[in-house]
Amino acid sequence: MKLFQFFILLTIYLQGAFAVKDYLFKKCAQSGFCNRNRHFAGEVSKNPDYVSKYSIDESTLNYIESNSTILGDIYKKVNDAKSVRLPFQINILKNNNIRLRVDEDRSQIEWNNKFLNKERFADAWKYAFRGEPVVSQNYKFNDLQNGKISVIYGDKDQYELEIFTQDFKVVVKYNGETQLVLNDRSFLNIEHFRKEDENEANLTPEESSFNSFHDDFQDSKDDSVPFGPESVALDVTFKGFKHVYGIPEHADSLSLKDTSESEPYRLYNVDIFEYETDSRLPMYGVIPFMVAHKVGVSAGIFWVNGADTYVDVKKDQESQDEQVLSSKTDSKTHWISENGILDVVIIIGETPTEVTQSYASLSGNVQLPQLFSLGYHQCRWNYNDEEDVLTITENMDKFEIPYDVIWLDVEYTDAKKYFTWKKELFPDPERMLNKLDETGRTLVAIIDPHLKTGYEVSKDVESKDLALLNKDGDIFKGHCWPGESVWIDTFNPKSYDYWTYLFRNSTGLAGDATNFHIWNDMNEPSIFSGPETSSPKDLVNYGGLEIRSDHNIYGLTFHEATYQALIDRYVNKRPFILTRAYYSGSQRSAAMWTGDNMSKWEYLKISLPMILTSNIAGMPFAGADVGGFFGNPSKELLTRWYQAAVFYPFFRAHAHIYSRRREPWIAGEPYTSYMRDAVKIRYSILPLIYTKFYESSKTGAPVINPLFYETPSNPKTFEIEDEFFLGGLLVKPVTDEGAESVEIYLSDEEIYYDYETFESLQGEGDHKVDAPLGKIPIFIKGGSITPRKDRYRRSSKLMKYDPYTLVIALDTNKSAKGSLYIDDGETFNYENGEFLYIDFSLQDGELQAAVKDGSLSVPNSIEKILIVGLESAPASVQVSQGSEWNADVIQKTNYAIIKTPGVDLSKDWSIKF
């Protein structure tokens, strides 16, 4: 057994030494359900006279107007003698969303397996949604006429839903134009239950040639497939949309590629070492949400399914639909899941931001994080011992590099047994945590779902029936870092109580320290001895459910169990959890990062569209390992990575155990200074970042925006993925080796100001900008107000009472606006009104500050206001807040400074020029 473990681990390390072994992961042709549905689609496409086998029995239709519901039965015609009943439900939801659910009636099926639930898994939404969806009140059902049901909805009756009963199809119109069609190409395919010996007689003609119960993939040969083929598939056509986005996680472009001649995008949580760029291979997380955009309208599809899923994208250059006015290009997508029910939400809005926010209204907004978690995180696999941890902190202070969090990877444990410490290296964890706390620092430690067999925790999980089971009902045992392990089943509600018990205070884990948070890794789940380095699909979890049905949800349940444990541990502290595996809804309790990247320029480059995609898909707390996890970055690459990463919502440096040390001071000058300057920019703009997170937590909007979210009417922005906005800051990181300049695209005619010099740039189009190694191309958009804190402190916690600086960048009309959010940075007291949300606006020579929400008295002041774009300034200005007084103004070359205006931030105030 030890020899076996050695070779398993050796294989993993070798993967890290060379490159991803793509043969470990299924291609569509090797995946039975994907291959069958691609074949089905091909058979349908080449038959111009094909008539769908799916139709609604009109006699079953039932309208429940009080609950915006249409019920009925779809029947799949198998042959002249057999049809399959597929109950369906359509709801008109709040925010003008449409939800379609189609199940299979299995009530008459004889099922002798008492271990497994025979029904299709229909509860993915309970994990993906933040609660029961709210139905709309603005709709009107029209009577069935000529085989079509029509629903008019929206506050201005701007939407129309059409449901065709024969040759089942769903059409959604907005402002009279067809925007999206379900089953446009008749690819709807629900593989009904059948036994393995039931062949041609129980299949449609298009199905007859792929009655395969098993994958053509070596590592899946032992899959028992107890239910046989039961996939669900549907085509979704975005009419007149050339560009579609989303469906993370993939190391691919922002605008998704046509997959007609390649592999489809696969959505399946796996541990993929040194993933390739420009790839449709699966990765660690899954959010089955796609956004389409064109000038004037955006659309979204939320495919609520937790099983292995493939998505094909076809860009049709010539739309034949005369009702489509805005474009002659369609994006035709094909969604294929291994099992479960068909559960789809359709979202239409004027802008892509509206579509993302509408999705978030269902799935939930990002949790408001503790402020420390938005600072700089220092990590590697592994920091060796307590002395090593504290020496890192000393060196950060010595080189005046602010940082907030130091991390411990798996080597801190005793023989990789979670909830233990290697005592010879970390003799007193609580002492170490208290020492870190003296300068406001936090420790994050890794805890994974695999539990080494034979110690207290794994024995408890086994004895309390909290472990994942194999297909025979026995406890599943596989291999991961500790060797033979069991996996906690966090689908089981009772597992939460036990997990909370493990994290309780006054234990050897962290004592009573409150500056201790958690990293949940390997929770896809990663199983070195499993197919595709993950779980066999016929493992069984709580409720008699195969993990085949909810595989992509497992990681979410695991980090949510950790979140609840920390909520109970700290009572009134917001937990910080980083998760590698995630699903729709994970944003409610965790941050994510893009996993095991490499120290190469192309991985720096691909990090930008990956993180932007995560923001589009409602999970904005996203980052990538700075410097690359595998390998040794050059000093130039490391510097450029820091300069880009200070604008990632999640900012962490991380490295492999065999990578050389690369903390910022190791590179030497001038690189150390360049990296230090970049990190200081991060800390300076923490008020802006915190404000954007607060706004995201309330509205669901991204924290960082692709250009087309900022200027959705400019088609030239629709494929730009190497620039983005953070508030009013336009950032174009340098991602090319040896570059001394960049081409930055301005998407409108507004004035933009260099972040450091305030020199102006204007005019829609490309502009060449100097960017030597010490320079980050950052521009402040005219019309924005950016809050900052400019004093150096060692950590964000030590900045708490520092004064603010406002940077006001005037637009072409000499106006500007912005906002600032303030709370205590760590507790849930903001939910009781203990916060301030302040709007700033400058217009007609007067700057006004208005407290829009909250009631918190703060000791912070504004130490200065920089006004950029003011041609001339008076010697003083009049400040008004109850009484009036004057403040001095200093005129500089490109800006003016109002010194110490002396206002109370918790009350309204104004300044007149």
Would you find more than 12 non-hydrogen atoms of other residues, nucleotides or ligands less than 6.0 Å from [X] atom [atom1]?
{"X": "Lys800", "atom1": "NZ", "answer": "yes"}
{"X": "Lys864", "atom1": "NZ", "answer": "yes"}
{"X": "Glu871", "atom1": "CD", "answer": "no"}
{"X": "Lys680", "atom1": "NZ", "answer": "yes"}

Over 60° means perpendicular and under 30° means parallel, so tell me whether [X] and [Y] are parallel, tilted or perpendicular.
{"X": "His293", "Y": "Phe718", "answer": "perpendicular"}
{"X": "Tyr403", "Y": "Tyr376", "answer": "perpendicular"}
{"X": "Phe840", "Y": "Trp909", "answer": "tilted"}

Using modelled atom types and a 3.5 Å cut-off, is there a donor and acceptor pairing between side-chain atoms of [X] and backbone atoms of [Y]?
{"X": "Ser298", "Y": "Gly349", "answer": "no"}
{"X": "Ser876", "Y": "Asn886", "answer": "no"}
{"X": "Trp641", "Y": "Thr735", "answer": "no"}
{"X": "Ser363", "Y": "Tyr359", "answer": "no"}

Determine whether the aromatic ring centres of [X] and [Y] lie less than 6.0 Å apart.
{"X": "His517", "Y": "Phe372", "answer": "yes"}
{"X": "His767", "Y": "Tyr752", "answer": "no"}
{"X": "Phe708", "Y": "Tyr245", "answer": "yes"}

Establish, for the pair Lys573 and Phe828, whether the NZ or CZ atom is under 6.0 angstrom from the six-membered ring centre and no further than 45 degrees off its axis.
no
Check ion pair Lys899-Glu863 (N to O, under 4.0 angstrom):
no
Can you tell me if [X] and [Y] form a side-chain donor-acceptor pair at under 3.5 Å?
{"X": "Ser796", "Y": "Asp404", "answer": "yes"}
{"X": "Glu669", "Y": "Tyr674", "answer": "no"}
{"X": "Ser361", "Y": "Asn95", "answer": "yes"}
{"X": "Thr717", "Y": "Asn714", "answer": "no"}
{"X": "Glu695", "Y": "Thr699", "answer": "no"}

Let me see the working for Tyr821 and Phe835 under ring-ring contact (aromatic ring centres under 6.0 Å, His included), right down to the final yes or no.
CA-CA 7 Å; Tyr821 175 77; Phe835 69 92; 5.6 Å; yes
Side chain to side chain donor-acceptor pair (under 3.5 Å) assessment of Asn829 paired with Asp823
CA-CA 8 Å; Asn829 291 345; Asp823 66 13; over 6 Å; no
With side-chain hydrogen bond (donor to acceptor under 3.5 Å, both in side chains) as the test, pick out the partner of Tyr745 among Glu723, Lys716, Lys732, Glu764.
Glu764
Would you sort out whether Thr356 and Tyr709 count as a side chain to side chain donor-acceptor pair (under 3.5 Å), showing the intermediate values?
CA-CA 10 Å; Thr356 294; Tyr709 268 56; 2.7 Å; yes
Determine the sole option in Glu749, Glu710, Glu750 for which the salt bridge (charged side-chain N to carboxylate O under 4.0 Å, His left out) test with Lys781 is passed.
Glu710
Might you work through the side chain to side chain donor-acceptor pair (under 3.5 Å) test for Ser819 and Asp839, ending with a clear yes or no?
CA-CA 5 Å; Ser819 56; Asp839 272 354; 4.9 Å; no
If you compare all heavy atoms of Ser696 against all heavy atoms of Ala701, which two are closest, and at what distance to 0.1 Å?
OG-O, 2.7 Å
